[in-house]
Each structure stands twice: as structure tokens, then as C-alpha cells.
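In this chain, numbering begins with 1 at the start of the sequence shown.
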Amino acid sequence: MKGPLGFNAEDLLQETLAMQRKLLDGLKLLPSVDDVDYGATAREEVWRDGKVVLYRFVGADAPARRTPLLIVYALVNRPYMVDLQEDRSLVQRLLALGHDVYVLDWGYPDRSERYQTLEDYLLRYVDGAVDHLQAQSGGPVNMLGICQGGVFALCYAALRQHKLANLITMVTPVDFQTPDNMLSHWARHVDVDLLVDTLGNIPADLMNASYLMLKPFRLNVQKYVGLLDILDDKAALEDFLRMEKWIFDSPDLAGETFRDFIKQFYQANGLMHDGVRVGEDTVTLSQVTLPVLNIYAEQDHLVPPDASRAMRGRIGSTDYTESSFRGGHIGIYVSGRAQREVPGTIADWLKERSA
């Protein structure tokens with residue numbers, strides 16, 4: 001007979017024995033698990049400026065489309081979430097759809113990059129990579145900006161739009177002060193001058209701890225309890241370890257760029273007020289008149305949907321498309337649903353606008 005909680009002593013005993021068996025199987029399996037890495041697709045270096053490298057992904061077949069597609073990723077993580085592993089790779093699916101795909105790898109800033117600014121990242125590194133691709137292809141470039149990289153891409157488009165053919169943004173905030181943005185609530189109350197003046201570059205461990213505390217139970221406890229369920233499944237265990245390795249393989253952040261980004265975007269909400277300065281230039285979103293595809297995740301806790309949807313009506317483009325997908329900030333790249341839907345959406349949208 002079941003008790004008031006829906007189980008009895010026999011149920012509890014069987015569950016305990018099943019867990020013991022799983023733990024024993026896991027202890028036998030763990031020594032056979034090899035070191036995992038991310039980045040499934042072959043790539044070649046085609047341009048470099050200091051630590052910043054432009055890579056071209058090499059597909060099984062030559063690209064069918066001439067216009068290069070440049071991925072601009074965030075500074076806070078390595079860019080290979082878009083190419084995590086064979087069965088979870090936005091890059092591989094875009095290659096299979098005929099695109100010529102490139103990514104900017106920011107490297108690992110050290111103390112020598114302490115004083116690099118937004119101007120360096122946008123008008124030196126991004127612009128340098130675009131110039132290289134233009135010289136190679138003979139025409140403008142398609143740009144795919146992701147998260148903070150999407151913010152960079154928007155700003156770049158406002159300043160150097162004549163070098164771009166189309167702009168795609170993924171999980172990209174425009175309104176940095178939506179009520180449901182917990183990260184924004186924290187960032188707006190940080191004494192960023194004191195932080196940068198004290199630390200110089202911002203340590204990756206500090207940033208990771210901040211992100212984990214946005215969902216402390218889910219990200220610090222629940223996922224490791226859930227690890228028990230896959231201890232006897234080698235493939236699932238390797239997937240888990242690969243994700244963990246990516247999460248904690250994070251670069252430090254150049255101090256002045258961090259100061260500038262927090263002040264201009266989170267604290268001043270500059271994209272909403274045409275108040276972002278990049279060197280001597282002012283970013284005005286109405287200057288972005290090229291075709292834009294804005295993709296956001298419906299369950300994103302880092303970039304809430306309203307933060308991304310704020311782009312509508314603020315850019316000057318008459319060719320603006322919004323696409324939403326179920327999932328969170330990371331799931332939009334690696335979930336099974338995202339793998340089926342996101343690359344095709346990007347490819348179809350670009351195809352409609354190709355010369």
C-alpha cells in the first residue's frame with residue numbers, strides 16, 4: 001500500500017538499490033572516459049592581429065555561396081559553442097547548407113591587453129577581419145553576431161554598414177534594462193570604476209561565479225545531482241563533461257572594455273538612447289538599414305526576449321525579421337530542436353536576400 005507521499009518502503013528500497021547499481025557502473029565506466037574537447041570542425045587560420053585570429057571552417061565540400069558568413073562571438077566565453085561536437089554544431093549545418101563560415105577567436109587577454117577598448121574590438125579587430133574577407137571575396141560580408149558579439153555586430157553595422165550585406169543577431173540584447181533581466185539589476189549597481197581600477201582585467205572565475213549565481217540551485221546543485229542519472233552512459237557523460245569544459249574555459253576580460261561595456265550598455269542603456277560611443281563615433285541604430293534577422297530564445301535568462309525584441313522599430317531597416325525558438329541561452333545552439341530549426345532558418349533567410 002502506498003503511503004501519503006505516493007511510495008512505500010519497498011519502493012524506497014528498490015530506488016536505493018538501483019542507485020547503488022548505477023554508482024557502481026559509473027565507477028567502472030569513468031576510467032574509460034577520455035579527455036573531451038569542443039570544436040568538431042576542421043578550421044584554418046586566415047588572418048591574425050595579435051591574439052585575435054580569424055578562422056575559416058573547412059567543410060566536406062566547397063561552399064556553394066560566395067558571400068562569407070562571419071561569426072562574431074561574445075568576449076566572455078570561447079566561440080566554439082557554435083561548433084561544440086559532431087551532433088551539436090551550428091557551424092557544420094551551415095557548411096552543409098553551402099555557406100562559407102568564419103569565426104573570430106578573441107584569444108585570452110592578458111595584462112598587455114588591459115587598456116584595449118571597444119574601439120579596438122570593433123574598429124580594429126572586427127573591421128580588420130571584414131576587410132580581409134572583402135578583399136578575398138570581392139564583395140560585402142554577411143555577419144552573424146551572438147550575445148555580446150551581436151551587440152558588437154549591431155554597433156559595427158551602424159558605423160561600417162557599407163561593408164556588410166546582411167546582419168543576423170542571436171540572443172542579442174538591445175534594451176539592457178528590462179525588468180526581468182537579473183544580470184542587468186546587478187550590473188547597474190556595480191562600482192565598475194573601482195572594480196577595474198583594483199583588478200585591471202576582470203578574472204574569468206569572477207564572471208563565471210556571477211553567471212552561476214543567477215540560477216544558483218539549478219546551476220550549482222541540480223545539474224550535478226542530475227549527473228548521477230547518466231553515470232553509466234558514456235556518451236551522455238562525455239556530453240556533460242564537454243559542456244563543463246567549455247563553461248569553465250573562459251578568458252579574462254580586458255579591463256577598459258569591461259568598464260566601457262558595463263557603463264554604456266548596462267548602466268546607461270545606450271542602445272536605447274543612441275548614446276553609445278565607439279572612439280569618436282556615436283552609434284545610432286537608425287543608421288542600420290541593411291536586412292536584419294533577429295533570433296532570440298524564449299526561455300533565455302541572460303538575454304530575456306523583451307531585451308532582444310526591443311530592436312524592432314529602433315533600427316532603420318525596412319527588412320527586419322524576428323524568429324524565436326524554444327530553449328535557453330545555450331540551448332538555442334545545441335538542443336536537438338535548435339539543430340533542426342535554427343541553421344535552416346538562417347540559410348533560408350540569407351538565400352532570399354542573395355544576389
Side-chain angles (χ1 to χ4, degrees), residues 51-52 70-82 90 103-109 113 116-127 129 143-159 167-178 181-184 186-188 190 192 195-196 201-204 206-208 210-211 214 246-247 249-272 276-278 283 285 288 292 294-297 300-305 307-311 328-330 332-333:
K51 292 187 177 72
V52 178
L70 172 61
I71 298 174
V72 180
Y73 203 75
L75 302 179
V76 295
N77 285 111
R78 303 289 288 146
Y80 297 111
M81 179 49 62
V82 294
L90 174 65
V103 68
L104 265 177
D105 186 335
W106 305 114
Y108 295 86
E113 282 85 41
Q116 287 189 159
T117 64
L118 282 175
E119 184 179 14
D120 291 311
Y121 280 100
L122 291 176
L123 301 185
R124 175 180 169 185
Y125 299 132
V126 174
D127 198 39
M143 184 171 287
L144 167 56
I146 295 175
C147 188
Q148 184 188 37
V151 178
F152 285 4
L154 264 179
C155 292
Y156 182 79
L159 301 176
L167 175 64
I168 304 156
T169 56
M170 287 183 67
V171 292
T172 295
V174 171
D175 184 352
F176 280 75
Q177 295 186 3
T178 56
N181 192 333
M182 185 179 294
L183 184 61
S184 170
W186 290 0
R188 283 148 61 187
V190 168
V192 68
L195 185 64
V196 173
N201 288 345
I202 304 303
L206 175 61
M207 295 302 299
N208 275 331
S210 300
Y211 293 131
L214 291 171
W246 175 82
I247 289 171
D249 179 15
S250 301
D252 294 342
L253 301 180
E256 289 308 310
T257 299
F258 179 84
R259 187 200 309 264
D260 214 7
F261 196 85
I262 295 297
K263 281 189 165 185
Q264 293 209 65
F265 294 93
Y266 280 103
Q267 296 181 349
N269 209 10
L271 284 181
M272 296 292 286
V276 173
R277 298 278 296 178
V278 178
V283 172
L285 289 186
V288 180
V292 175
N294 184 25
I295 298 171
Y296 62 90
D300 194 334
H301 72 291
L302 290 175
V303 181
S308 186
R309 287 193 293 251
M311 190 185 306
H329 194 75
I330 301 301
I332 197 170
Y333 320 120

Kindly write out the residues that satisfy salt bridge (charged side-chain N to carboxylate O under 4.0 Å, His left out) with R124, not counting sequence neighbours, or none if the list is empty. D49
Can you tell if the side chain of V72 reaches within under 4.5 Å of the side chain of L144, non-hydrogen atoms only? no
Is it true that the side chains of D260 and T117 contain a donor and an acceptor less than 3.5 Å apart? no
Could you go through V174 and L285, starting from their C-alpha distance and side-chain angles, then the distance that decides it, and tell me whether this counts as side chain to side chain contact (heavy atoms under 4.5 Å, CB included)? CA-CA 10 Å; V174 171; L285 289 186; 4.0 Å; yes
I'd like to know if the side chain of S210 and the backbone of L206 have a donor-acceptor N/O pair within less than 3.5 Å. yes
Indicate yes or no: at least one non-hydrogen side-chain atom of M207 is less than 4.5 angstrom from one of L253. yes
side-chain contact (heavy atoms from CB on, under 4.5 Å) filter on A307, not counting sequence neighbours, yields P173, T178, V303, P304
Who passes side-chain hydrogen bond (donor to acceptor under 3.5 Å, both in side chains) against Y156, sequence neighbours left out? D127
Can you tell if the side chain of L154 reaches within under 4.5 Å of the side chain of M311, non-hydrogen atoms only? yes
Under a 4.5 Å cut-off applied to non-hydrogen side-chain atoms, are F152 and C147 in contact? no
Applying salt bridge (charged side-chain N to carboxylate O under 4.0 Å, His left out), name anything that partners R309, two or more places apart in sequence or on another chain. D306
Please name all residues satisfying side-chain hydrogen bond (donor to acceptor under 3.5 Å, both in side chains) with N201, sequence neighbours left out, ordered by chain then number. none
So which atom in C155 and which in F265 form the shortest heavy-atom distance, rounded to 0.1 Å? SG-CZ, 4.0 Å
N77: what forms a side-chain contact (heavy atoms from CB on, under 4.5 Å) with it, not counting sequence neighbours? Y73, W246, S250
Using side chain to side chain contact (heavy atoms under 4.5 Å, CB included), reason through I262 and F176 one step at a time and then give a plain yes or no. CA-CA 10 Å; I262 295 297; F176 280 75; over 6 Å; no
Does the plane of the ring in W106 sit parallel, tilted or perpendicular to the ring in Y121? Use 30° and 60° as the thresholds. perpendicular
pair L271-V283: side-chain heavy atoms closer than 4.5 Å: yes
With sequence neighbours excluded, what pairs up with A157 under the side-chain contact (heavy atoms from CB on, under 4.5 Å) test? L164, L167, V288, L290
Checking K51 now: which residues fulfil side-chain contact (heavy atoms from CB on, under 4.5 Å) with it, not counting sequence neighbours? D110, S112, E113
Are any of the side-chain heavy atoms of Y296 and T169 separated by less than 4.5 Å? no
Do Q177 and D175 make a side-chain contact, defined as non-hydrogen atoms from C-beta onward lying under 4.5 Å apart? yes
For T172, side-chain hydrogen bond (donor to acceptor under 3.5 Å, both in side chains) partners two or more places apart: none
If I compare all heavy atoms of Y266 with all of S184, which pair ends up nearest, and what's the gap? CD2-CA, 3.8 Å
Given D252, V196, V192, the one that forms side chain to side chain contact (heavy atoms under 4.5 Å, CB included) with I202: V196
Under the ring-ring contact (aromatic ring centres under 6.0 Å, His included) test, residues paired with F258 that sit two or more places apart: none
So how far is it from L75 CG to Q148 CD, rounded to the nearest 0.5 Å? 4.0 Å
Can you tell me how far apart CD1 (I247) and CZ (R78) are? Round to the nearest 0.5 Å. 15.0 Å
With N181, which residues qualify under side-chain hydrogen bond (donor to acceptor under 3.5 Å, both in side chains), at least two apart? none
If I compare all heavy atoms of A297 with all of G328, which pair ends up nearest, and what's the gap? CB-O, 3.5 Å
For the pair Q264 (side chain) and N269 (backbone), establish whether a donor and an acceptor sit closer than 3.5 Å, ignoring hydrogens and angles. no
I'd like to check S308 versus I295 (side-chain heavy atoms, cut-off strictly below 4.5 Å). Are they in contact? no
Which distance, rounded to the nearest 0.5 Å, do you find between the CD1 of I71 and the CG of L90? 6.0 Å
Between the side chain of E256 and the main-chain N/O of Q116, is any donor-acceptor distance below 3.5 Å? no
Can you name the residues that form a salt bridge (charged side-chain N to carboxylate O under 4.0 Å, His left out) with D120, not counting sequence neighbours? none
Inter-residue atom distance M81.CE - H329.NE2, 0.5 Å rounding: 9.5 Å
